[in-house]
Undergrad: 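Could you have a look at this structure, given as structure tokens, before my questions?
Counting starts at 1 for both ligands and their atoms, following the listed order.
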Amino acid sequence: MPIAEKIRRRLLVSLSTALLGLQATAFWTAEAATLAPTRYGAGVVASDHPLASAAGAAVLKNGGNAFDAAIVTSLMLSVVRPHSTGIGGGGFMVLRDSKGRARVLDYRETAPARAHRDMYLDSQGQPLPGASTTGYKAIAVPGLLAGLDTIHRAYGSRPLAELLQPAIDAAEKGFAVDAHLAHAMQVLHQRGARNDLKALFFEQGQPRQIGDLQRNPLLAQTLRTVAREGIKAFYSGSVAQKIAAAMQAEGGLITAADLKAYQPTWREPLKGSYRGHEILTMPPPSSGGTALLTVLNLLEPYALGWNSSGHGSSQHTHLLAEALKHAFSDRAHYLGDPGFVDVPTARLISKAHAAALRPQLLAAQWQTLSREQYGLKWLEAFEKPLAAPLSDGGTTHFAVMDRLGNVVSATETINTYFGSQVVIPGTGLVMNNEMDDFSKSPGVPNAFGLIGTEANAIAPGKKPLSSMTPTIVLKDGQPLLAVGASGGPRIITGTLQTLMNVIDFGMNVNEAVSAPRIHHQWVPETLYIEREMPQDVREALQRRGHVLSLGEAESAVQAVMFREGVFSGASDPRKGGQPSGY
Ligand code: GLY
């Protein structure tokens, strides 16, 4: 059976199943199961909300470039995906301009100057529950607006005020709550939401439902101030004053000086190759690009055989899981902010590292190995391995291609759903909880039983380790694919499998994004699978020693593609976005 037909059937089966904890959510429609992507002649945007993709595509249609469209899409997502991203957060952008120059902008949040290594431990050295996830102390200095402004100065062709307008209108007039936002609100309700968040997103104590109108007039006002005064309003003007005053009143660490000092960082993309394609991806302080390239290097020699063993077969899944275990072991041991720690990135993404690890893949041919036998740590036979990344549910990705040849792949976040759940009074700003992406307690298990490493310990001005993996793939020197995802550590596996679905299995962009995925992050020693995996494949994987967990492999991938003169895009049906173009 052709692969597209297989996936189509699986999607149809999924119409009645629960994904993301929702029963038959609105976004699993019959149309969503039609896998031929819409084709566009001049440009495309894919994001995880239809209004954001449409706003970006409208800019392209009106003569703006991919960077203008990226800024509009990002700002719109800030409003309509308030649980995933916002100007109280930050992000990473991998871009390639029409002249072929590839760059990375890092506008990740930073730890405030008063942050310190043990700030989430009590006097006995024990983790303070919730301190790094909820409330004012969980907030890192936001970078999103500074990032967009930097992109605008370097590449924008339209006034920033014009690019802010669609987001201002959406915040002012409101938009309909969709399934994913309703789900996030419900999750918060069950966990116990902070009052400032409830005031914004709940009605009479209850979270809004699908179809309800959600407005944020104060955020519209904040964005209007930025449109009038520029981003200095946010970093040193009236908005900064409100943030700093709220921090002082509520015991947060961010000061006016922290906001004023915030600067995005230009970086070089990590470069790799995979089966005749060039990969441009995200360097540290994200772990995403490093892990992506490690896995691709490990699997490259096997990939040709996969078409015969089959997408989703136990052989394919097992090998993928084994490669992921090596990459996530390296992530846990070595990755952190390169401004503060030496990260052996060049070694980890080298073909030589993959070659050195390959005997371990062979050793695991029939049976997965014990956890210390993975990654560079195993090769160097250092002390006992540590660490595993936390799973989280926020974050957004979007990708844009224009008729000029510009490509943007950007992942932005406030971390977990609704970040810190802090809404700064008088601003409508939902603030991140990115401090939780640091290792709160190096060497000591945290509240989740996870152990962190020195490489990602908290320090003033440092950026917490991320999994965000905005990526661009070139073929014969030309852009083929821009891809990335949301979903904590599952960002890496979602991006990876989509890319491999295109390159190894010849899927179109929609098939590649929609196909069932797996996830393994080394620790816990669990292979997460989506529900569609057939029983015989599950049993074969269990015989190889994998502990399977159903229904938790979800990430939400967005991708755009340019092939044979045609643009196409795909938004993951798992989150309910929709691509747009013209
Ligand atoms: N906060 C999600 C990430 O950066 O990986």
Undergrad: Examine the proximity of ligand 1 to E412 and report which part, side chain or backbone, both or neither, has a heavy atom under 4.0 Å away.
TA: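 The answer is neither.
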Undergrad: Hey, is D437 touching ligand 1 through its side chain, its backbone, both or neither, going by heavy atoms under 4.0 Å?
TA: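 Answer for D437: side chain.
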Undergrad: Are R490 and Y528 in a cation-pi setup, meaning NZ or CZ lies under 6.0 angstrom from the ring centre and within 45 degrees of the ring axis?
TA: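 Verdict for Y528: a cation-pi partner in R490.
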Undergrad: Do H333 and W522 make the cut of ring centroids closer than 6.0 angstrom?
TA: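 For H333 and W522, the ring centres are under 6.0 Å apart.
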Undergrad: Within ligand 1, which atoms have a heavy atom of S467 less than 4.0 Å away?
TA: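 Result: 3 (C), 4 (O), 5 (O).
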Undergrad: Looking only at distances, can you tell me whether any N or O atom of T395, backbone or side chain, sits closer than 3.5 Å to an N or O atom of ligand 1?
TA: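 Not met; the criterion fails.
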Undergrad: Is the H183-H83 ring centre distance short of 6.0 angstrom?
TA: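 No; H83 has its ring centre 6.0 Å or more from that of H183.
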Undergrad: Flag the pair F202 / H189 as yes when their ring centroid distance falls below 6.0 Å, and as no otherwise.
TA: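 Here the rings of H189 and F202 have centres that are less than 6.0 Å from each other.
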